[in-house]
Structure formats: C-alpha cells, structure tokens
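Chain letters run A, B, ... following the sequence lines, proteins first and then strands; every chain starts at 1. Fair warning: this is a prediction, and the values are worked out from it, not measured in the lab.
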Amino acid sequence: MTVAVVLFTSDLRLHDHPPLRAALASSDEIVPLFVRDSGIEESGFAAPNRLAFLSDCLRDLDAGLRERGGRLLVRSGDVVGEVGRIVSETGAADVHVAAGVSAYARRREERLREALESGGTRLHVHDGVVTAVAPGAVTPAASDHFAVFTPYFRRWSAQRVRDAFAAPRTVRVPDGPGSEKVPARGAVSGVSEGLAEGGERQARKQLTAWRRHGLAGYEEGHDDLSGDATSRLSPHLHFGTLSPVELIHRARSAGGAGAEAFVRQLCWREFHHQVLAARPAASRQDYRTRHDHWRSGADASKDVEAWRQGRTGYPVVDAAMRQLRHEGWMHNRGRLLTAGFLTKTLYVDWRIGAQHFLDLLVDGDVANNQLNWQWMAGTGTDSRPNRVLNPVVQGKRYDPDGSYVRRWVPELAAVSGAAVHEPWKLRGPAHDRPDYPQPVVELADGLARFRKARGLD
DNA sequence: ATATTTTTATG
DNA sequence: ATAAAAATA
C-alpha cells in the first residue's frame, strides 16, 4: 500500500489540480492535508477577512473530498513539522505541493525538501497550479524576467496552456490520522460585513455565471465603478478555488473582445508573479528605487488615517476606501486611484498603503498587491513612473453619474449627478453638509510636493 | 557567435 | 526613462 501526501496551500480545489492528480496516479491512498501555518498566522499576513474566507474554502474542500470517499486533514503548527508528522504517521513515500512565488513559499519548499529527503520521502513541486504559465518559463533575451507588460503578454499568449484536468471521481484516504475540526467563518472576529463566500463550489457557480452573463460586457464595462462589471473572481484565484488554466480555457472558448480583455487581465496577474519570483525582495523593497523620502510624522499620519477611514474629502477615493472596509474587496479602478492618491498626492510610502490593503482585502496577495502598489508608486515596472491620477478626473471618468460615490458615501447621497465629485463647489443650505470632510490636501499642493520630491522641476 | 548600438514602444 | 527587439559590428 503506497501513500502520498497532497499538501494544499493556495490551491484549495479538486478540479484541475496537478499535485492531487499526480498523487492519485502514483499511490493507492492519499492524505489531503492543509496546515494552518503558524508561520503565516504570526507574520501579520493573516487577516480576518482571509481567515473567514479560508474557513469556507476548507469546509468546502472537505465536503468535496467526502463526496468522493475521502476527507481533508487539517492541522495547526509549523507546516514543515506537521507534514513530517503526517509522513511518519502514514508512511507516505511522496509529498506533492504546488510551486509558489513568494519568498515565504520558496523557503517553505526548501525546508520541506530538506526535512523530507533526509528521511527518504520525495517532494514533488508542481508548476501550472497557481499560474498557468510557470514563472521563468518565458524570459527576454537579456534578463531572467520581463519588466514590461506588453512584450511579456505577447510571449505569454503564444505559450501552449495544457488542458485542464477533471476533478477525481474517488479519493482513498487512510483511516488512521486525525484532523482538527475546521472552524466556521463565524468563529473569526473582525470580518467585513459584506465579505464574499469562499469555497470551490461557490467559485464554480460564479465562474459559470460570469461566463454566461459577465464576460461579453467586460471590455467596455470593467473600468466603470458603479457598473461593477468585473468578474469578482480574484479571491478564488488567490485561494486557488479556481484554476487559472481552466479560467483561460473557459474564457478563450467563449471568445470575443470581452474574453480577450479578461485574459489580458489574467496575464497581468501572471506578469506580477514572474516579477516576484525573480525578485522576491520586491514584496518589501522598491523594485527600482526613485530615492523617495516619503512623508512621515504626525502630519502624514493624520492624512493616512483619513485615507484609511475614507475621509479624505475626495469622494471617489473615500467611496473606494469604504467599499474596501465593508466588503473586504475593492473595484480594480478604485485600487488604482486610491493607491495613486496615497503615494503621489499624499506622498506616503507605498508599503503603508499595501499593508492596509493586505489587512482588509480578501484577495490580498503578495505578488499582485505589492507589485501593483509599486506600479502606482512609480517604484515598480511602470514605464511612466511619474504619472499622477487626479481623483476628480478619475471620478468623473469612471463614475460619470456619481452613483458609486452615493452608494458608499451616505453624506453625499442627496447630491445628484457628477456634482458629487466636487462637494466643495456645492452652495446653499441644501448642500451644506458639515459631516463630510473638506479635502485633506489641495491637489495642486500635492502635485507640487510630488514633483519637487522626484526632482521634476 | 556574441557584444554593442540603434530603434521602437511603453496601461 | 528604460526595456525589448532589431540591426549592426
């Protein structure tokens, strides 16, 4: 009787799961294992919204495995120690895991390899799980990774993507080893009221609906804030309840301009993964420094707190920041404009903004979050590092009738149309609203400060 | 063949 | 300004 361990990490699904497939093909029994990793839970990376979503994912994964005759084992502690314990409890000869790109994931792989191989257990690290195209699979002639999106997109698009694997019909799990109970999401405190539901079943439901009703309108609708026409699949990609390989095939088979635009966005995710894989330090350090001396001190802290609370006095910024707090999710256009506002207009260190996003985002992901923040801060791969987004222009362009602002900023709910984007221009007692803050900074002052700091004058 | 320079394009 | 590809030495 041969046994293999499948260590689940950011791949909490049964469909299109290469490690699971490989383990089932080569062993009589498998041990599907998830470790609530003390290393992550103590690192500050764990956040209530993601822990709650994770509970959904684990319960659903367990249910899916039980339908197939198996079950999920959940343990808590150091991931390497727990895998070792399972291996000795079951006599497993192989451990399968998905390849990761973060410094943490790579260190985990290294430590697992060391710990297992000295005991004669083989570790198999699988590509094509977290990203469709493995980081490093395509590179430019003179570097180990692409630093510009467009040439990466061309090469990435030309790669053959393997067919998606079906979910297994049956899974045999040895009776012996015990599991902790998976807590319900209700056991997590500090969770956003409007947090989405996790789990593979929910992910597949959303994928089907998206393919039927959302994809076709994606190209023209994806930047419209109030239209909310993005896929909202990002949490499922982050937790791996959906496979990027399957998503790409499903989108391409639907066809059309919407599908093309959507696949392009999936490629941005893979672009950032291949940058981080090549430059793991970019999760904390400037990818390409502009020698910024970001603002600090009490004055800056006050602005940061206004930004976090959605009380900057710039309605579209505040609307997006309040959506983040309420849903644990923010529209992509909102992410760009709020990040641009913090880094360029308030001239605050991108790490402070990135951390706030990680504290709340259900899809908070090291590669996407940190590198998109760097992109907006001008310290990343943006070819125009000094671009500044004007929040009033952004508001009028991407929320032309103001309904996104009215949805999230009740103080302005009575203001009609695009006038909601410039509340300081409103006159008369009907428009006197002392509960909505004055702008924390004049845009011209912010711009001047930024230009001076970057030596642009 | 490989290094260097020029050209092209960049959310 | 700078990355990537193309052209050239």
Side-chain angles (χ1 to χ4, degrees), chain A residues 133 135-159 217-225 227 229-231 234 251 257-279 281-282 285-292 316-317 320 330-345 350 353-354 357 365 367-391 393-400 447 450-457:
Chain A
V133 174
V138 292
T139 56
S143 169
D144 58 349
H145 71 289
F146 278 89
V148 177
F149 175 72
T150 307
Y152 178 72
F153 181 54
R154 264 196 292 275
R155 291 281 299 282
W156 182 89
S157 301
Q159 286 293 109
Y218 182 72
E219 191 196 20
E220 50 183 46
H222 76 280
D223 259 336
D224 178 47
L225 284 161
T230 62
S231 72
S234 55
E260 241 172 80
F262 181 63
V263 170
R264 190 182 166 85
Q265 294 303 312
L266 293 175
C267 183
W268 269 102
R269 175 176 174 276
E270 308 228 338
F271 172 72
H272 287 138
H273 278 72
Q274 61 95 45
V275 172
L276 189 66
R279 298 281 182 278
Q285 292 163 17
D286 289 348
Y287 173 83
R288 183 168 45 224
T289 186
R290 307 289 171 183
H291 305 290
D292 289 293
V316 77
V317 173
M330 194 197 286
H331 192 287
N332 180 58
R333 176 50 52 181
R335 300 187 194 200
L336 296 174
L337 94 228
T338 54
F341 186 79
L342 186 77
T343 57
K344 303 277 176 64
T345 303
W350 63 266
F357 272 29
D365 180 276
N368 290 317
N369 188 64
Q370 309 307 89
L371 292 175
N372 271 315
W373 267 95
Q374 292 224 46
W375 195 86
M376 273 319 305
T379 62
T381 58
D382 187 5
S383 56
R384 290 169 54 197
N386 297 319
R387 89 177 77 214
V388 176
L389 304 183
N390 179 318
V393 174
Q394 291 281 309
K396 289 176 176 172
R397 186 178 299 158
Y398 300 112
D399 182 29
L447 187 62
F450 177 72
R451 293 186 61 82
K452 183 158 178 274
R454 286 273 169 100
L456 297 171
D457 295 303

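- D382(A) pairs by the salt bridge (charged side-chain N to carboxylate O under 4.0 Å, His left out) definition with R387(A), not counting sequence neighbours.
- In the 5' to 3' direction, nucleotides of DNA chain B lying under 4.0 Å from heavy atoms of chain A begin and end at dT10(B) to dG11(B).
- Partners of Q274(A) under the side-chain hydrogen bond (donor to acceptor under 3.5 Å, both in side chains) rule, at least two apart in sequence or in another chain, do not exist in this structure.
- For F271(A), the ring pair (Phe, Tyr, Trp, His ring centres under 6.0 Å) partners two or more places apart in sequence, or in a different chain, are F149(A), Y152(A), W268(A).
- Using a 4.0 Å heavy-atom criterion, one finds that R384(A) contacts no nucleic acid atom at all.
- Here W350(A) pairs with nothing under the ring pair (Phe, Tyr, Trp, His ring centres under 6.0 Å) rule; sequence neighbours left out.
- Looking only at distances, no side-chain donor or acceptor of H272(A) sits under 3.5 Å from a matching main-chain atom of R269(A).
- Within residues 260-269 of chain A, the residues approached by DNA chain B to less than 4.0 Å at the level of any non-hydrogen atom are R264(A), Q265(A), W268(A), in residue-number order.
- Looking at residues two or more places apart in sequence or on another chain, you find no ring pair (Phe, Tyr, Trp, His ring centres under 6.0 Å) involving H273(A).
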Give each protein N/O atom lying under 3.5 Å from an N/O atom of nucleotides 5-9 of chain C, with the pair distance.
none

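- Taking atom CH2 of residue W375(A) and atom P of nucleotide dA1(C), one finds them 18 Å apart after rounding to whole Å.
- Evaluation of the side chain to side chain donor-acceptor pair (under 3.5 Å) test over residues 330-340 of chain A, restricted to residues two or more places apart or in two chains, returns D223(A)-R333(A), R333(A)-Q394(A), R335(A)-D363(A).
- A search for side-chain hydrogen bond (donor to acceptor under 3.5 Å, both in side chains) contacts involving Q370(A) returns nothing, not counting sequence neighbours.
- Partners of D292(A) by side-chain hydrogen bond (donor to acceptor under 3.5 Å, both in side chains), not counting sequence neighbours, listed by chain and number: Y347(A), R454(A).
- In terms of the side-chain hydrogen bond (donor to acceptor under 3.5 Å, both in side chains) criterion, residue partners of Y287(A) (sequence neighbours excluded) are, by chain and number, H145(A).
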